[in-house]
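In what follows, a single structure is set out as structure tokens and then discussed.
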Amino acid sequence: MSRKERHVVPNPDGGWDSKREHAERASKHFETKEDAMQWSREKSNSEGSELIPHRKDGTIQNPDSHGNDPNPPKDK
């Protein structure tokens, strides 16, 4: 079973986009990353997906799970 993901990524023309995994088009565009994260977090909660924010250089920053994590932490 693959996990569902939602990504917050920088838009090359400015601002930030919220995208589902493997999507070419953004679900929604935002001027600030804070607005993109807030909307994407709510959407990720309702989808039961993992929220994966990216930095401006495209690297991943602190993923946040909202669904059934197939690889939960072993210390809990």
Taking all atoms of both residues into account, what is the closest heavy-atom pair of Ser44 and Ser49, and its distance?
OG-O, 2.8 Å
Under 4.5 Å between side-chain heavy atoms, chaining through other members, with only Ile, Leu, Val, Met, Phe, Trp and Tyr counted: pull out the rest of the cluster around Ile60, sorted by chain and number.
Ile52
Show which residues join Trp39 in its hydrophobic cluster (side-chain heavy-atom contacts under 4.5 Å, direct or indirect), or state none.
Phe30
Who are the side-chain contact (heavy atoms from CB on, under 4.5 Å) partners of Asn62, not counting sequence neighbours?
none
Any salt bridge (Lys or Arg N to Asp or Glu O under 4.0 Å) involving residues 23-49? Give me the pairs, sequence neighbours left out, ordered by first then second residue.
Arg6-Glu47, Arg41-Asp64
Can you establish whether the number of heavy atoms outside Gln38 located under 6.0 Å from its atom CD is more than 12?
no
Flag, side chain of Asn11 to backbone of Asp13, donor-acceptor distance under 3.5 Å:
yes
Could you tell me if the side chain of Glu50 sits less than 4.5 Å from the side chain of Lys4, heavy atoms only?
no
Members sharing Leu51's hydrophobic cluster (side chains within less than 4.5 Å)
Val8, Trp16, Met37
Are the side chains of Ser27 and Lys19 in contact, using a 4.5 Å heavy-atom criterion?
no
Not counting sequence neighbours, which residues clear side-chain hydrogen bond (donor to acceptor under 3.5 Å, both in side chains) with Arg55? List them please.
Thr59
